[in-house]
Amino acid sequence: MRILMMGGTRFIGVYLAKILVAQGHEVVLFNRGNKPAPVEGVQQIHGDRGDASQLKEKLSGEKFDAIFDNNGRELSDTQTLAEIFKGHVQHFVYMSSAGVYLKSDQMPHIEGDATDPKSRHLGKLETESYLKDAGLPWTSIRPTYIYGPKNYNDLEAWFFDRITRDRPIPIPTNGMHITQLGHCQDLAKAMAAVLGNEKAIGQIYNVSGDRYVTFDGLARACAIAAGKTADVKIVHYDPQKFDFGKRKAFPMRSQHFFTSINKATIELNWQPEFDLISGLKDSFHNDYLISGRDRTEIDFSVDDEILQAV
């Protein structure tokens with residue numbers, strides 16, 4: 001297949017591009033051109049996806065069998081792209097988020113669960129609805145927290161920062177909220193498994209790891225991955241007693257947040273390869289240490305405010 005990927009030069013796109021090229025596909029990336037292609041020989045078309053005129057100018061004359069829209073956040077990011085290729089593409093794969101689900105008393109979230117009209121990922125919900133109504137051969141992927149090497153969001157690195165410096169780890173409430181992480185390579189493999197799968201057309205798939213973990217358990221898992229013992233010092237606090245403003249005190253939402261991935265494992269014939277510890281070790285050794293972040297000066301002022309109060 002000739003495949004267009006929006007983005008493709010950082011995090012998930014890097015892994016997906018490598019997988020698709022290894023499978024023999026011709027991959028073309030559309031991005032601003034700020035970073036080199038992740039695989040030698042991959043073609044890049046440079047432009048701003050937020051500019052509809054640029055998209056039309058640079059892509060209208062191109063032909064693709066499939067499209068991976070990895071970095072669309074709002075409907076406006078995707079609508080022009082979809083209009084250009086409607087009726088001319090076999091598969092349009094959209095990266096959504098499990099953050100669209102409405103809080104529920106029944107967990108884990110499954111693909112048919114109610115969604116939250118006030119979600120900060122509302123744009124992704126609107127895009128899913130548009131793709132469905134537009135009659136495109138679409139598939140939507142809803143990951144939970146994504147982690148692994150090249151992660152540009154402070155998630156596992158937030159824990160590693162404190163563990164490598166032997167600092168206490170401040171965790172909101174009682175540390176027993178249950179969450180779920182999915183390794184970046186597993187996510188990319190699930191996305192690649194969508195191609196050529198007729199069952200995936202018009203479907204939504206939760207994609208993540210196959211186990212759940214508490215906040216405290218994640219802290220201990222990160223310690224083990226970093227070569228420490230699981231006996232890390234955890235300090236619990238009530239976030240309602242603090243006014244952090246726009247400062248971020250913890251990298252995850254203080255609620256239960258996990259999904260069932262049964263549908264993806266069955267219909268995509270896919271299975272996560274990384275368990276939590278092996279995935280965190282991969283991130284720690286092949287990203288955190290290599291980048292030198294363990295030697296970088298980190299701002300712990302919010303931590304200190306919590307620890308002093310507690």
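From a predicted model like this one, the values you see are computed outputs, not experimental measurements.
- Residues meeting the ring-ring contact (aromatic ring centres under 6.0 Å, His included) test with Trp158, sequence neighbours left out: Phe250.
- For Asp275 and Arg211, the salt-bridge test fails: no basic side-chain N is under 4.0 Å from an acidic carboxylate O.
- Taking the six-membered ring for Trp and the full ring otherwise, the centers of Phe85 and Phe92 sit at least 6.0 Å from each other.
- For Asp210, the salt bridge (Lys or Arg N to Asp or Glu O under 4.0 Å) criterion is met by no residue, not counting sequence neighbours.
- Within the 4.5 Å cutoff, the side chain of Arg142 has heavy atoms near those of the Tyr101 side chain.
- Residue pairs meeting the side-chain hydrogen bond (donor to acceptor under 3.5 Å, both in side chains) criterion with at least one partner in residues 188-201, sequence neighbours excluded, are Lys189-Glu273.
- At distances below 3.5 Å, at least one donor-acceptor pair connects side-chain atoms of His25 with backbone N or O atoms of Met1.
- Under the salt bridge (Lys or Arg N to Asp or Glu O under 4.0 Å) criterion, Arg10 pairs with no residue at all, not counting sequence neighbours.
- Among Val27, Ile67, Leu29, the one residue that satisfies the side chain to side chain contact (heavy atoms under 4.5 Å, CB included) test with Leu4 is Ile67.
- Considering only residues two or more places apart in sequence or on other chains, Asp65 meets the side-chain hydrogen bond (donor to acceptor under 3.5 Å, both in side chains) condition with Gln90.
- Ion pairing between Asp303 and Arg162 holds under the 4.0 Å rule for side-chain N and carboxylate O.
- Checked for salt-bridge contact, Asp161 and Arg293 meet the test: a charged N lies under 4.0 Å from a carboxylate O.
- Looking at residues two or more places apart in sequence or on another chain, you find a salt bridge (Lys or Arg N to Asp or Glu O under 4.0 Å) between Lys228 and Asp166.
- The aromatic ring centres of Phe257 and Tyr145 sit less than 6.0 Å apart.
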Could you give the side-chain donor-acceptor pairs of residues 36-46 under 3.5 Å, partners two or more places apart or in another chain?
{"from": "Gln43", "atom 1": "OE1", "to": "Arg2", "atom 2": "NH2", "distance (Å)": "3.4"}
{"from": "Gln44", "atom 1": "OE1", "to": "Asn31", "atom 2": "ND2", "distance (Å)": "2.9"}

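- Among pairs with a residue in residues 170-186, those fulfilling side-chain hydrogen bond (donor to acceptor under 3.5 Å, both in side chains) read Thr173-His177, Gln180-Thr259, His183-Asp282, at least two apart in sequence or across chains.
- Residues passing the side-chain contact (heavy atoms from CB on, under 4.5 Å) test with Ala52 are Thr80, sequence neighbours excluded.
- Taking Glu83 as the reference, Gln79 meet the side-chain hydrogen bond (donor to acceptor under 3.5 Å, both in side chains) condition, with sequence neighbours excluded.
- Considering only residues two or more places apart in sequence or on other chains, Phe244 meets the ring-ring contact (aromatic ring centres under 6.0 Å, His included) condition with Phe242.
- Taking 4.0 Å as the cut-off between side-chain N and carboxylate O, Asp299 and Arg247 do not count as a salt-bridged pair.
- The salt bridge (Lys or Arg N to Asp or Glu O under 4.0 Å) test applied to Arg167 returns Asp304, not counting sequence neighbours.
- Each of Leu218, Thr214, Val213 was compared with Asp216 under the side chain to side chain contact (heavy atoms under 4.5 Å, CB included) criterion, and only Thr214 meets it.
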